[in-house]
Amino acid sequence: GSRRVDRGEGVFRVAFKMYLGITPSITNWSPAGDEFSLILENNPLVDFVELPDNHSSLIYSNLLCGVLRGALEMVQMAVEAKFVQDTLKGDGVTEIRMRFIRRIEDNLPAGEE
């Protein structure tokens, strides 16, 4: 229950602080508890970036979604991560929406347990 959620929030906070020097807010939980938003007041990946007019639809920091998905796969969790708001596009904050899909079961070949 809530203990797992607390531990997950701690992992996000510590990892973002370690690797990006920021601490995201974790908010907007879905009623089912399987979705939430990571809010970045400051996104260091875009500090010195301006999108050219002909690339205004580019989600420059989308690599964060891939990093989050990959890191959570390492702990047997399949998630969806997508940008909802982006300061590069004029939004006040950067928001990444996270959705839990399923636990990943290890399918080891017979005899390799």
Side-chain angles (χ1 to χ4, degrees):
S2 64
R3 183 166 292 183
R4 182 182 300 152
V5 168
D6 293 342
R7 187 172 30 211
E9 286 186 16
V11 167
F12 281 113
R13 287 196 175 99
V14 168
F16 271 88
K17 188 74 174 163
M18 277 177 48
Y19 294 108
L20 294 175
I22 58 170
T23 303
S25 303
I26 299 169
T27 183
N28 299 334
W29 281 92
S30 67
D34 62 345
E35 285 189 47
F36 61 90
S37 292
L38 291 170
I39 306 290
L40 312 179
E41 300 291 333
N42 301 305
N43 179 354
L45 297 182
V46 302
D47 281 350
F48 304 103
V49 174
E50 282 184 34
L51 291 179
D53 291 337
N54 59 334
H55 291 291
S56 60
S57 63
L58 179 71
I59 303 172
Y60 184 80
S61 300
N62 209 29
L63 83 118
L64 288 176
C65 292
V67 168
L68 292 166
R69 270 195 316 272
L72 290 168
E73 279 181 19
M74 295 291 102
V75 293
Q76 274 68 46
M77 292 177 71
V79 300
E80 176 184 89
K82 64 181 179 187
F83 269 80
V84 178
Q85 297 185 74
D86 189 346
T87 52
L88 266 185
K89 298 183 189 297
D91 295 317
V93 295
T94 296
E95 177 180 357
I96 301 172
R97 190 75 182 155
M98 301 289 299
R99 184 174 67 87
F100 175 78
I101 299 171
R102 63 177 162 62
R103 296 273 310 152
I104 299 170
E105 301 297 327
D106 286 331
N107 293 322
L108 296 175
E112 291 190 26
E113 281 103 30

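Residue numbers start at 1 and run along the sequence shown. Just so it is clear, the values below take in all heavy atoms, side chains as well, and ignore hydrogens, waters and symmetry mates.
Note on L72: it clusters hydrophobically with F16, by side-chain heavy-atom contacts below 4.5 Å among ILVMFWY residues. Taken together through direct or relayed side-chain contacts under 4.5 Å among Ile, Leu, Val, Met, Phe, Trp and Tyr, I39 and I22 form parts of separate hydrophobic clusters. Cluster membership for L51 and V84, using ILVMFWY side-chain heavy atoms within less than 4.5 angstrom, is not shared. When the side chains of ILVMFWY residues are joined at heavy-atom separations under 4.5 Å, either directly or via intervening members, M18 and M74 end up in two distinct hydrophobic clusters.
Note that the CD atom of E80 and the SG atom of C65 stand 9.5 Å from one another [nearest 0.5 Å]. Interatomic distance, E50 CD to H55 NE2, rounded to the nearest 0.5 Å: 14.0 Å. Once rounded to the nearest 0.5 Å, the distance linking CG of L88 with CG of L58 reads 8.5 Å.
The shortest distance between side-chain heavy atoms of F36 and T27 does not fall below 4.5 Å. Contact of the V67 side chain with the Y19 side chain is not registered, since no non-hydrogen atoms from C-beta on lie closer than 4.5 Å. You'll find the side chain of L64 stays beyond 4.5 Å of the side chain of T94, heavy atoms only. At a threshold of 4.5 Å between non-hydrogen side-chain atoms, the residues L38 and I26 count as touching. Between Y60 and T87 the shortest side-chain heavy-atom distance does not fall below 4.5 Å.
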Using the rule given for side chain to side chain contact (heavy atoms under 4.5 Å, CB included), can you reason through R103 versus M77, listing the C-alpha separation, both sets of side-chain angles and the distance that settles it, and then say yes or no?
CA-CA 5 Å; R103 296 273 310 152; M77 292 177 71; 3.3 Å; yes
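Counting all heavy atoms, side chain and backbone alike, V93 lies closest to Q85 at O-CB, 3.5 Å. Residue V79 comes nearest to F100 through the heavy atom pair CG1-CA, 4.2 Å, listed as atom of the first residue, atom of the second, then distance. Smallest separation of non-hydrogen atoms from S37 and E95: OG-OE2, 2.6 Å.
In this structure, K82 places its NZ atom where only 12 or fewer heavy-atom neighbours from other residues, nucleotides or ligands lie under 6.0 Å away. Heavy atoms from other residues, nucleotides or ligands lying under 6.0 Å from CG of N42 number 12 at most.
Side-chain N/O atoms of N43 and S61 include a donor and acceptor closer than 3.5 Å.
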